[in-house]
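Letters go in sequence order (proteins before strands), and every chain restarts at 1.
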There are 2 protein chains.
Amino acid sequence: MSQRALQDYLKATYKLSGDDERPVTTSALAERLNVAQPSVTGMVKKLAAEGLMQHIPYQGVRLTPAGRRVAVETIRRHRIVEQFLVQVLGLSWDEVDAEAEVLEHAVSERVVNRMWEVLGRPDSDPHGSPIPPPHADLQESRDLCALSDAPTGVLLRVARLHERSPEALRYLAGLGVVPGGEVRVVERAPFNGPLMIGAGQALHALDAGMAQAIWVHAEFAG
Amino acid sequence: MSQRALQDYLKATYKLSGDDERPVTTSALAERLNVAQPSVTGMVKKLAAEGLMQHIPYQGVRLTPAGRRVAVETIRRHRIVEQFLVQVLGLSWDEVDAEAEVLEHAVSERVVNRMWEVLGRPDSDPHGSPIPPPHADLQESRDLCALSDAPTGVLLRVARLHERSPEALRYLAGLGVVPGGEVRVVERAPFNGPLMIGAGQALHALDAGMAQAIWVHAEFAG
DNA sequence: TCACATTTTTAGGCTAGGCTAAAATATGTC
DNA sequence: GACATATTTTAGCCTAGCCTAAAAATGTGA
Ligand SMILES: [Mn+2]
Ligand SMILES: [Mn+2]
Ligand SMILES: [Mn+2]
Ligand SMILES: [Mn+2]
(Lines give C-alpha, C1' and ligand atoms only; values in the text may rest on other atoms or scores of the structure.)
(Ligands and ions follow the chains in the order given, each with its own letter.)
Protein backbone atom coordinates (compact mmCIF):
# COMPACT_ATOMS: atom_id res chain seq x y z
CA MET A 1 0.00 0.00 0.00
CA SER A 2 1.19 3.49 -0.72
CA GLN A 3 1.85 5.61 2.34
CA ARG A 4 -0.46 8.22 0.92
CA ALA A 5 -3.52 5.99 0.64
CA LEU A 6 -2.85 4.22 3.92
CA GLN A 7 -2.43 7.43 5.88
CA ASP A 8 -5.42 9.17 4.30
CA TYR A 9 -7.74 6.21 5.04
CA LEU A 10 -6.60 5.97 8.64
CA LYS A 11 -6.83 9.72 9.14
CA ALA A 12 -10.34 9.85 7.69
CA THR A 13 -11.42 6.95 9.90
CA TYR A 14 -10.00 8.65 12.95
CA LYS A 15 -11.76 11.92 12.19
CA LEU A 16 -15.11 10.30 11.51
CA SER A 17 -14.83 8.12 14.60
CA GLY A 18 -14.66 10.89 17.16
CA ASP A 19 -13.28 10.84 20.67
CA ASP A 20 -15.66 8.07 21.72
CA GLU A 21 -14.21 5.88 18.92
CA ARG A 22 -17.56 4.84 17.51
CA PRO A 23 -17.49 2.61 14.38
CA VAL A 24 -17.34 4.29 10.98
CA THR A 25 -19.33 3.12 7.95
CA THR A 26 -17.61 2.48 4.64
CA SER A 27 -20.00 4.91 2.97
CA ALA A 28 -18.95 7.71 5.32
CA LEU A 29 -15.33 6.99 4.44
CA ALA A 30 -16.17 6.92 0.74
CA GLU A 31 -17.81 10.33 0.93
CA ARG A 32 -15.00 11.87 2.95
CA LEU A 33 -12.26 10.44 0.70
CA ASN A 34 -14.15 11.16 -2.53
CA VAL A 35 -13.96 7.58 -3.77
CA ALA A 36 -16.63 4.99 -4.57
CA GLN A 37 -17.92 2.72 -1.81
CA PRO A 38 -16.46 -0.50 -3.24
CA SER A 39 -13.03 1.13 -3.32
CA VAL A 40 -13.32 1.67 0.41
CA THR A 41 -14.36 -1.93 1.07
CA GLY A 42 -11.26 -3.08 -0.81
CA MET A 43 -8.85 -0.81 1.02
CA VAL A 44 -10.45 -1.49 4.38
CA LYS A 45 -9.82 -5.20 3.95
CA LYS A 46 -6.16 -4.55 3.28
CA LEU A 47 -5.81 -2.21 6.23
CA ALA A 48 -7.53 -4.79 8.43
CA ALA A 49 -5.12 -7.46 7.16
CA GLU A 50 -2.26 -5.13 8.16
CA GLY A 51 -3.66 -4.90 11.67
CA LEU A 52 -4.49 -1.22 11.41
CA MET A 53 -8.28 -1.54 11.43
CA GLN A 54 -10.94 -3.90 12.61
CA HIS A 55 -13.58 -4.53 9.96
CA ILE A 56 -16.93 -6.08 10.79
CA PRO A 57 -18.66 -6.65 7.42
CA TYR A 58 -21.89 -4.70 7.00
CA GLN A 59 -21.22 -2.97 10.33
CA GLY A 60 -18.25 -0.68 9.91
CA VAL A 61 -14.62 -0.19 10.86
CA ARG A 62 -12.71 0.82 13.94
CA LEU A 63 -9.03 1.70 14.28
CA THR A 64 -6.75 -0.63 16.18
CA PRO A 65 -4.27 1.01 18.56
CA ALA A 66 -1.62 0.70 15.80
CA GLY A 67 -3.94 2.31 13.24
CA ARG A 68 -4.78 5.09 15.64
CA ARG A 69 -1.10 5.82 16.17
CA VAL A 70 -0.54 6.14 12.41
CA ALA A 71 -3.59 8.40 12.12
CA VAL A 72 -2.51 10.66 14.95
CA GLU A 73 1.05 10.96 13.62
CA THR A 74 -0.32 11.87 10.19
CA ILE A 75 -2.63 14.52 11.65
CA ARG A 76 0.26 15.85 13.71
CA ARG A 77 2.39 16.19 10.56
CA HIS A 78 -0.49 17.92 8.78
CA ARG A 79 -0.96 20.51 11.51
CA ILE A 80 2.73 21.22 12.02
CA VAL A 81 3.17 21.67 8.28
CA GLU A 82 0.22 24.09 8.22
CA GLN A 83 1.60 26.15 11.08
CA PHE A 84 5.03 26.16 9.45
CA LEU A 85 3.68 27.30 6.10
CA VAL A 86 1.90 30.19 7.80
CA GLN A 87 4.53 31.23 10.34
CA VAL A 88 7.76 30.63 8.45
CA LEU A 89 6.82 30.83 4.78
CA GLY A 90 4.08 33.42 5.11
CA LEU A 91 1.28 31.57 3.34
CA SER A 92 -2.22 32.55 4.37
CA TRP A 93 -4.04 30.44 6.93
CA ASP A 94 -7.03 29.77 4.69
CA GLU A 95 -5.03 28.15 1.89
CA VAL A 96 -2.53 25.92 3.70
CA ASP A 97 -4.81 22.91 4.13
CA ALA A 98 -4.46 21.76 0.51
CA GLU A 99 -0.66 22.07 0.63
CA ALA A 100 -0.51 20.17 3.93
CA GLU A 101 -2.74 17.40 2.56
CA VAL A 102 0.14 16.49 0.23
CA LEU A 103 3.13 17.38 2.40
CA GLU A 104 1.84 15.38 5.40
CA HIS A 105 2.87 12.23 3.48
CA ALA A 106 6.23 13.55 2.32
CA VAL A 107 7.87 15.03 5.40
CA SER A 108 9.94 12.65 7.48
CA GLU A 109 9.64 12.43 11.23
CA ARG A 110 12.96 14.22 11.54
CA VAL A 111 11.85 17.10 9.32
CA VAL A 112 8.49 17.55 11.01
CA ASN A 113 10.05 17.55 14.45
CA ARG A 114 12.60 20.14 13.37
CA MET A 115 9.71 22.27 12.06
CA TRP A 116 7.95 21.91 15.39
CA GLU A 117 11.10 22.99 17.22
CA VAL A 118 11.74 25.96 14.92
CA LEU A 119 8.14 27.05 15.55
CA GLY A 120 8.73 26.89 19.32
CA ARG A 121 6.71 23.72 19.92
CA PRO A 122 3.28 25.17 19.20
CA ASP A 123 0.28 23.35 20.63
CA SER A 124 -2.15 24.29 17.90
CA ASP A 125 -2.33 24.81 14.15
CA PRO A 126 -3.54 27.96 12.31
CA HIS A 127 -7.16 26.80 12.61
CA GLY A 128 -6.93 26.18 16.35
CA SER A 129 -6.62 22.39 16.14
CA PRO A 130 -4.30 20.83 18.70
CA ILE A 131 -0.75 19.65 17.96
CA PRO A 132 0.42 17.00 20.42
CA PRO A 133 4.08 16.50 21.40
CA PRO A 134 5.93 13.72 19.52
CA HIS A 135 4.42 10.24 20.04
CA ALA A 136 1.69 11.57 22.32
CA ASP A 137 -1.96 10.76 21.79
CA LEU A 138 -4.52 13.33 20.76
CA GLN A 139 -7.63 14.44 22.60
CA GLU A 140 -9.55 16.31 19.93
CA SER A 141 -12.48 18.05 21.50
CA ARG A 142 -11.82 18.38 25.22
CA ASP A 143 -14.28 20.90 26.64
CA LEU A 144 -15.34 22.08 23.20
CA CYS A 145 -18.71 22.14 21.51
CA ALA A 146 -19.88 23.09 18.06
CA LEU A 147 -21.44 26.54 17.72
CA SER A 148 -24.56 24.77 16.46
CA ASP A 149 -24.92 23.16 19.90
CA ALA A 150 -23.82 26.15 21.97
CA PRO A 151 -26.18 27.95 24.36
CA THR A 152 -27.89 31.15 23.20
CA GLY A 153 -26.98 34.55 24.55
CA VAL A 154 -23.67 33.56 26.11
CA LEU A 155 -20.38 35.11 25.04
CA LEU A 156 -18.23 32.31 23.58
CA ARG A 157 -14.58 32.01 22.60
CA VAL A 158 -13.84 30.40 19.24
CA ALA A 159 -11.43 27.48 19.62
CA ARG A 160 -11.21 25.91 16.16
CA LEU A 161 -12.54 26.05 12.62
CA HIS A 162 -13.06 22.69 10.94
CA GLU A 163 -14.07 24.03 7.57
CA ARG A 164 -11.51 23.18 4.92
CA SER A 165 -12.33 25.38 1.91
CA PRO A 166 -10.38 28.65 1.69
CA GLU A 167 -13.54 30.47 0.64
CA ALA A 168 -15.45 29.34 3.73
CA LEU A 169 -12.54 30.26 6.00
CA ARG A 170 -12.21 33.71 4.46
CA TYR A 171 -15.96 34.22 4.76
CA LEU A 172 -15.88 33.36 8.46
CA ALA A 173 -12.84 35.55 9.04
CA GLY A 174 -14.71 38.37 7.29
CA LEU A 175 -17.49 37.93 9.85
CA GLY A 176 -14.94 38.15 12.65
CA VAL A 177 -15.04 34.44 13.39
CA VAL A 178 -11.42 33.35 13.88
CA PRO A 179 -9.71 31.06 16.42
CA GLY A 180 -9.36 33.04 19.64
CA GLY A 181 -12.16 35.44 18.70
CA GLU A 182 -15.51 35.91 20.42
CA VAL A 183 -19.02 35.08 19.22
CA ARG A 184 -22.51 34.97 20.67
CA VAL A 185 -25.44 32.94 19.41
CA VAL A 186 -28.31 35.44 19.37
CA GLU A 187 -31.05 33.29 17.93
CA ARG A 188 -31.44 29.83 16.48
CA ALA A 189 -34.06 29.16 13.79
CA PRO A 190 -36.09 25.98 14.30
CA PHE A 191 -35.69 22.76 12.26
CA ASN A 192 -31.89 23.09 12.19
CA GLY A 193 -32.21 26.42 10.43
CA PRO A 194 -29.69 29.25 10.27
CA LEU A 195 -28.31 30.94 13.37
CA MET A 196 -28.14 34.63 14.10
CA ILE A 197 -24.74 35.27 15.57
CA GLY A 198 -23.10 38.34 17.01
CA ALA A 199 -19.41 38.90 16.37
CA GLY A 200 -17.99 42.23 17.38
CA GLN A 201 -20.71 44.86 16.89
CA ALA A 202 -22.40 43.19 13.92
CA LEU A 203 -25.12 40.57 13.62
CA HIS A 204 -24.98 37.88 10.93
CA ALA A 205 -27.06 34.97 9.71
CA LEU A 206 -25.05 31.75 9.58
CA ASP A 207 -25.95 28.46 7.92
CA ALA A 208 -26.36 25.58 10.36
CA GLY A 209 -23.80 23.47 8.46
CA MET A 210 -21.20 26.15 8.85
CA ALA A 211 -22.03 26.51 12.51
CA GLN A 212 -21.05 22.86 12.97
CA ALA A 213 -17.57 23.67 11.73
CA ILE A 214 -17.05 26.31 14.41
CA TRP A 215 -15.96 24.91 17.75
CA VAL A 216 -16.12 27.03 20.88
CA HIS A 217 -14.98 26.59 24.45
CA ALA A 218 -17.84 25.00 26.35
CA GLU A 219 -17.38 27.20 29.39
CA PHE A 220 -16.22 30.68 28.66
CA ALA A 221 -15.05 32.39 31.80
CA GLY A 222 -14.46 35.63 29.89
CA MET B 1 1.39 9.23 -15.02
CA SER B 2 2.20 10.11 -11.46
CA GLN B 3 4.08 13.34 -10.98
CA ARG B 4 6.72 11.44 -9.08
CA ALA B 5 7.56 8.99 -11.87
CA LEU B 6 7.32 11.61 -14.58
CA GLN B 7 9.58 14.07 -12.82
CA ASP B 8 12.15 11.47 -11.79
CA TYR B 9 12.43 10.09 -15.34
CA LEU B 10 12.84 13.55 -16.85
CA LYS B 11 15.32 14.59 -14.19
CA ALA B 12 17.41 11.47 -14.69
CA THR B 13 17.38 11.99 -18.44
CA TYR B 14 18.47 15.58 -18.03
CA LYS B 15 21.32 14.65 -15.71
CA LEU B 16 22.59 11.85 -17.91
CA SER B 17 22.31 13.99 -21.02
CA GLY B 18 24.75 16.70 -19.97
CA ASP B 19 25.04 20.27 -21.20
CA ASP B 20 25.59 19.14 -24.78
CA GLU B 21 22.24 17.31 -24.64
CA ARG B 22 23.56 14.04 -26.02
CA PRO B 23 21.07 11.14 -26.28
CA VAL B 24 20.62 8.88 -23.26
CA THR B 25 20.26 5.09 -23.46
CA THR B 26 17.39 3.32 -21.75
CA SER B 27 19.88 1.15 -19.89
CA ALA B 28 21.58 4.21 -18.42
CA LEU B 29 18.19 5.43 -17.24
CA ALA B 30 17.37 2.00 -15.84
CA GLU B 31 20.56 1.92 -13.82
CA ARG B 32 20.14 5.46 -12.51
CA LEU B 33 16.49 4.94 -11.57
CA ASN B 34 17.03 1.46 -10.15
CA VAL B 35 14.40 -0.17 -12.35
CA ALA B 36 14.60 -2.89 -15.01
CA GLN B 37 15.31 -1.91 -18.61
CA PRO B 38 11.88 -2.89 -19.97
CA SER B 39 10.25 -0.65 -17.36
CA VAL B 40 12.17 2.26 -18.82
CA THR B 41 11.17 1.44 -22.39
CA GLY B 42 7.54 1.48 -21.28
CA MET B 43 7.75 4.77 -19.45
CA VAL B 44 9.81 6.38 -22.16
CA LYS B 45 7.09 5.64 -24.69
CA LYS B 46 4.52 7.32 -22.50
CA LEU B 47 6.69 10.37 -21.92
CA ALA B 48 7.33 10.60 -25.65
CA ALA B 49 3.57 10.40 -26.28
CA GLU B 50 3.19 13.32 -23.85
CA GLY B 51 5.66 15.35 -25.88
CA LEU B 52 8.25 15.45 -23.10
CA MET B 53 10.84 13.22 -24.77
CA GLN B 54 11.90 12.13 -28.19
CA HIS B 55 12.49 8.39 -28.40
CA ILE B 56 14.38 6.80 -31.26
CA PRO B 57 14.05 3.02 -30.77
CA TYR B 58 17.37 1.24 -30.19
CA GLN B 59 19.11 4.62 -30.13
CA GLY B 60 18.06 6.46 -27.01
CA VAL B 61 16.04 9.40 -25.75
CA ARG B 62 16.38 13.16 -25.73
CA LEU B 63 14.33 15.72 -23.83
CA THR B 64 12.06 18.05 -25.75
CA PRO B 65 12.08 21.71 -24.66
CA ALA B 66 8.92 20.98 -22.61
CA GLY B 67 10.55 17.96 -20.97
CA ARG B 68 13.66 19.96 -20.23
CA ARG B 69 11.58 22.64 -18.52
CA VAL B 70 9.93 20.05 -16.26
CA ALA B 71 13.33 18.54 -15.45
CA VAL B 72 14.90 21.89 -14.61
CA GLU B 73 11.96 22.94 -12.41
CA THR B 74 12.19 19.63 -10.56
CA ILE B 75 15.93 20.01 -10.02
CA ARG B 76 15.35 23.58 -8.87
CA ARG B 77 12.81 22.38 -6.29
CA HIS B 78 15.23 19.67 -5.15
CA ARG B 79 18.06 22.11 -4.57
CA ILE B 80 15.97 24.77 -2.87
CA VAL B 81 14.51 22.15 -0.55
CA GLU B 82 18.02 20.91 0.29
CA GLN B 83 19.26 24.40 1.07
CA PHE B 84 16.14 25.07 3.14
CA LEU B 85 16.51 21.86 5.14
CA VAL B 86 20.11 22.81 5.96
CA GLN B 87 19.73 26.55 6.57
CA VAL B 88 16.31 26.76 8.20
CA LEU B 89 15.73 23.34 9.75
CA GLY B 90 19.34 22.58 10.64
CA LEU B 91 19.67 19.19 8.96
CA SER B 92 23.16 18.22 7.93
CA TRP B 93 24.26 18.76 4.34
CA ASP B 94 25.21 15.14 3.76
CA GLU B 95 21.76 13.73 4.57
CA VAL B 96 19.35 16.12 2.87
CA ASP B 97 19.48 14.53 -0.58
CA ALA B 98 17.21 11.63 0.37
CA GLU B 99 14.65 13.95 1.97
CA ALA B 100 14.70 16.26 -1.05
CA GLU B 101 14.23 13.33 -3.43
CA VAL B 102 10.73 12.93 -1.96
CA LEU B 103 9.87 16.55 -1.18
CA GLU B 104 10.80 17.78 -4.68
CA HIS B 105 7.54 16.19 -5.89
CA ALA B 106 5.39 17.46 -3.02
CA VAL B 107 6.21 21.15 -2.69
CA SER B 108 4.12 23.49 -4.80
CA GLU B 109 5.61 26.26 -6.88
CA ARG B 110 4.33 28.78 -4.36
CA VAL B 111 5.94 26.99 -1.43
CA VAL B 112 9.28 26.49 -3.15
CA ASN B 113 9.45 30.11 -4.19
CA ARG B 114 8.64 31.25 -0.67
CA MET B 115 11.48 29.00 0.56
CA TRP B 116 13.81 30.58 -1.97
CA GLU B 117 12.82 34.07 -0.80
CA VAL B 118 13.18 33.21 2.89
CA LEU B 119 16.67 31.88 2.11
CA GLY B 120 17.56 35.16 0.40
CA ARG B 121 17.46 33.85 -3.17
CA PRO B 122 20.53 31.60 -2.93
CA ASP B 123 22.23 30.65 -6.20
CA SER B 124 23.50 27.28 -5.06
CA ASP B 125 22.52 24.29 -2.90
CA PRO B 126 24.50 22.81 0.01
CA HIS B 127 26.60 20.74 -2.41
CA GLY B 128 27.49 23.70 -4.60
CA SER B 129 25.03 22.92 -7.40
CA PRO B 130 23.41 25.96 -8.99
CA ILE B 131 19.87 27.16 -8.26
CA PRO B 132 18.43 29.24 -11.09
CA PRO B 133 15.84 32.01 -10.59
CA PRO B 134 12.19 30.98 -11.21
CA HIS B 135 11.52 29.82 -14.80
CA ALA B 136 15.14 30.32 -15.84
CA ASP B 137 17.15 27.65 -17.61
CA LEU B 138 20.08 25.88 -16.01
CA GLN B 139 23.68 25.81 -17.18
CA GLU B 140 25.12 22.99 -15.13
CA SER B 141 28.84 22.91 -15.59
CA ARG B 142 29.94 26.30 -16.88
CA ASP B 143 33.73 26.55 -16.47
CA LEU B 144 33.86 23.46 -14.28
CA CYS B 145 35.72 20.21 -14.70
CA ALA B 146 35.81 16.98 -12.70
CA LEU B 147 38.79 16.55 -10.41
CA SER B 148 39.58 13.40 -12.35
CA ASP B 149 40.23 15.58 -15.44
CA ALA B 150 41.90 18.47 -13.66
CA PRO B 151 45.55 19.40 -14.26
CA THR B 152 48.18 18.17 -11.81
CA GLY B 153 49.99 20.48 -9.42
CA VAL B 154 47.60 23.40 -9.70
CA LEU B 155 45.68 24.76 -6.71
CA LEU B 156 41.96 24.24 -7.44
CA ARG B 157 38.78 25.49 -5.83
CA VAL B 158 36.05 22.90 -5.23
CA ALA B 159 32.77 23.99 -6.82
CA ARG B 160 30.40 21.05 -6.32
CA LEU B 161 30.10 17.52 -5.02
CA HIS B 162 27.93 15.18 -7.08
CA GLU B 163 28.15 12.21 -4.77
CA ARG B 164 24.80 11.34 -3.22
CA SER B 165 25.55 8.97 -0.33
CA PRO B 166 25.92 10.61 3.08
CA GLU B 167 28.87 8.34 3.84
CA ALA B 168 30.78 9.47 0.75
CA LEU B 169 30.03 13.13 1.48
CA ARG B 170 31.18 12.82 5.08
CA TYR B 171 34.32 11.01 3.94
CA LEU B 172 35.17 13.79 1.52
CA ALA B 173 34.42 16.45 4.12
CA GLY B 174 36.75 14.60 6.49
CA LEU B 175 39.46 14.94 3.87
CA GLY B 176 38.79 18.66 3.66
CA VAL B 177 37.04 18.41 0.32
CA VAL B 178 33.95 20.65 0.59
CA PRO B 179 32.36 23.17 -1.80
CA GLY B 180 34.45 26.34 -1.64
CA GLY B 181 37.51 24.50 -0.33
CA GLU B 182 40.87 24.05 -2.04
CA VAL B 183 42.49 20.91 -3.46
CA ARG B 184 45.51 20.03 -5.55
CA VAL B 185 46.02 16.91 -7.64
CA VAL B 186 49.51 15.77 -6.74
CA GLU B 187 49.73 12.61 -8.78
CA ARG B 188 47.50 10.50 -10.95
CA ALA B 189 48.03 6.73 -11.16
CA PRO B 190 47.83 5.31 -14.70
CA PHE B 191 44.93 3.24 -16.10
CA ASN B 192 42.35 5.44 -14.38
CA GLY B 193 43.84 4.55 -11.03
CA PRO B 194 43.56 6.46 -7.76
CA LEU B 195 44.69 10.09 -7.42
CA MET B 196 46.96 11.53 -4.76
CA ILE B 197 45.38 14.79 -3.69
CA GLY B 198 46.48 17.49 -1.33
CA ALA B 199 43.86 19.22 0.80
CA GLY B 200 45.09 21.54 3.51
CA GLN B 201 48.38 20.14 4.83
CA ALA B 202 47.57 16.48 4.29
CA LEU B 203 47.95 14.13 1.32
CA HIS B 204 45.30 11.52 0.54
CA ALA B 205 44.71 8.75 -1.97
CA LEU B 206 41.36 9.12 -3.72
CA ASP B 207 39.50 6.60 -5.85
CA ALA B 208 39.08 7.70 -9.48
CA GLY B 209 35.30 7.21 -9.28
CA MET B 210 35.06 9.56 -6.38
CA ALA B 211 37.26 12.08 -8.16
CA GLN B 212 34.63 12.23 -10.90
CA ALA B 213 32.08 13.42 -8.35
CA ILE B 214 34.22 16.39 -7.36
CA TRP B 215 33.91 19.38 -9.67
CA VAL B 216 36.39 22.19 -9.54
CA HIS B 217 36.65 25.59 -11.17
CA ALA B 218 38.58 25.14 -14.41
CA GLU B 219 40.60 28.29 -13.95
CA PHE B 220 41.46 29.11 -10.40
CA ALA B 221 42.69 32.65 -10.09
CA GLY B 222 43.44 32.13 -6.39
C1' DT C 1 -43.28 -12.03 9.41
C1' DC C 2 -42.50 -10.75 5.13
C1' DA C 3 -41.74 -7.57 1.33
C1' DC C 4 -39.01 -3.73 0.07
C1' DA C 5 -35.71 0.00 0.18
C1' DT C 6 -31.12 0.86 1.63
C1' DT C 7 -26.50 -0.28 2.47
C1' DT C 8 -22.58 -3.09 1.72
C1' DT C 9 -19.94 -6.45 -0.54
C1' DT C 10 -18.59 -9.15 -4.58
C1' DA C 11 -17.43 -9.55 -9.40
C1' DG C 12 -15.07 -7.99 -13.04
C1' DG C 13 -12.41 -4.26 -15.40
C1' DC C 14 -9.10 -0.35 -16.01
C1' DT C 15 -4.60 2.35 -15.71
C1' DA C 16 -0.03 3.12 -13.65
C1' DG C 17 4.34 1.35 -12.91
C1' DG C 18 6.84 -2.25 -11.95
C1' DC C 19 8.86 -7.34 -13.20
C1' DT C 20 10.99 -11.64 -16.12
C1' DA C 21 11.69 -14.20 -20.30
C1' DA C 22 11.77 -14.20 -25.18
C1' DA C 23 12.30 -11.91 -29.57
C1' DA C 24 14.31 -8.33 -32.31
C1' DT C 25 17.88 -5.19 -33.49
C1' DA C 26 22.51 -3.26 -33.46
C1' DT C 27 27.44 -3.81 -33.30
C1' DG C 28 32.15 -5.64 -33.36
C1' DT C 29 35.13 -9.32 -35.49
C1' DC C 30 36.80 -11.99 -38.77
C1' DG D 1 29.55 -9.75 -45.61
C1' DA D 2 28.42 -13.13 -41.93
C1' DC D 3 28.07 -14.27 -37.48
C1' DA D 4 28.47 -13.95 -32.38
C1' DT D 5 27.51 -10.87 -28.65
C1' DA D 6 25.42 -7.19 -26.42
C1' DT D 7 21.62 -4.11 -26.18
C1' DT D 8 16.84 -3.00 -26.60
C1' DT D 9 12.11 -3.94 -27.29
C1' DT D 10 8.04 -6.90 -27.04
C1' DA D 11 5.10 -10.13 -24.68
C1' DG D 12 2.96 -11.41 -20.82
C1' DC D 13 2.31 -11.03 -15.82
C1' DC D 14 1.73 -8.71 -11.17
C1' DT D 15 0.07 -5.39 -7.47
C1' DA D 16 -2.06 -1.00 -6.07
C1' DG D 17 -5.94 1.76 -6.21
C1' DC D 18 -9.57 3.15 -8.44
C1' DC D 19 -14.25 2.27 -11.14
C1' DT D 20 -19.36 0.34 -12.40
C1' DA D 21 -22.89 -3.14 -12.19
C1' DA D 22 -24.73 -7.06 -9.87
C1' DA D 23 -25.54 -9.70 -5.77
C1' DA D 24 -26.11 -10.12 -0.89
C1' DA D 25 -27.13 -8.58 3.66
C1' DT D 26 -29.55 -5.41 6.66
C1' DG D 27 -33.35 -3.30 8.82
C1' DT D 28 -38.14 -1.07 8.44
C1' DG D 29 -43.02 -0.94 8.58
C1' DA D 30 -47.38 -3.12 7.26
MN1 LIG E 1 -3.28 13.58 2.59
MN1 LIG F 1 -5.68 22.81 10.15
MN1 LIG G 1 12.46 12.26 -6.68
MN1 LIG H 1 22.32 18.78 -3.87
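- Here A/E31 pairs with nothing under the salt bridge (charged side-chain N to carboxylate O under 4.0 Å, His left out) rule; sequence neighbours left out.
- In terms of the side chain to side chain donor-acceptor pair (under 3.5 Å) criterion, residue partners of A/K11 (sequence neighbours excluded) are, by chain and number, A/E101, A/E104.
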Pairs of donor and acceptor atoms involving the side chains of residues 48-61 of chain B, under 3.5 Å and at least two apart or interchain, shall be tabulated with distances.
none

Per-nucleotide protein contact string for nucleotides 12-17 of chain C, where B marks a base within reach and S marks sugar-phosphate only (heavy atoms under 4.0 Å, - for neither): ----SS
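- Each salt bridge (Lys or Arg N to Asp or Glu O under 4.0 Å) pair with one or both residues in residues 74-89 of chain B, not counting sequence neighbours, appears once here: B/R79-B/E140.
- Checking D/dT10, D/dC19, C/dT10 against every side-chain atom of B/K45, the shortest atom distance belongs to D/dT10.
- For A/Q83, the side chain to side chain donor-acceptor pair (under 3.5 Å) partners are A/Q87, not counting sequence neighbours.
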- request: Assign a letter to each nucleotide of nucleotides 1-8 of chain D from its 5' end: B, base within under 4.0 Å of a protein heavy atom; S, sugar-phosphate only; -, no contact.
  value: -------B
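- The salt bridge (Lys or Arg N to Asp or Glu O under 4.0 Å) contacts involving residues 51-70 of chain A comprise A/E21-A/R68, A/R68-A/D137, where partners must be two or more places apart or lie in separate chains.
- Between the side chains of B/H78 and B/D97, a donor-acceptor pair is found at a separation under 3.5 Å.
- Among residues two or more places apart in sequence or in another chain, the side chain to side chain donor-acceptor pair (under 3.5 Å) test is passed with B/S108 by A/E99.
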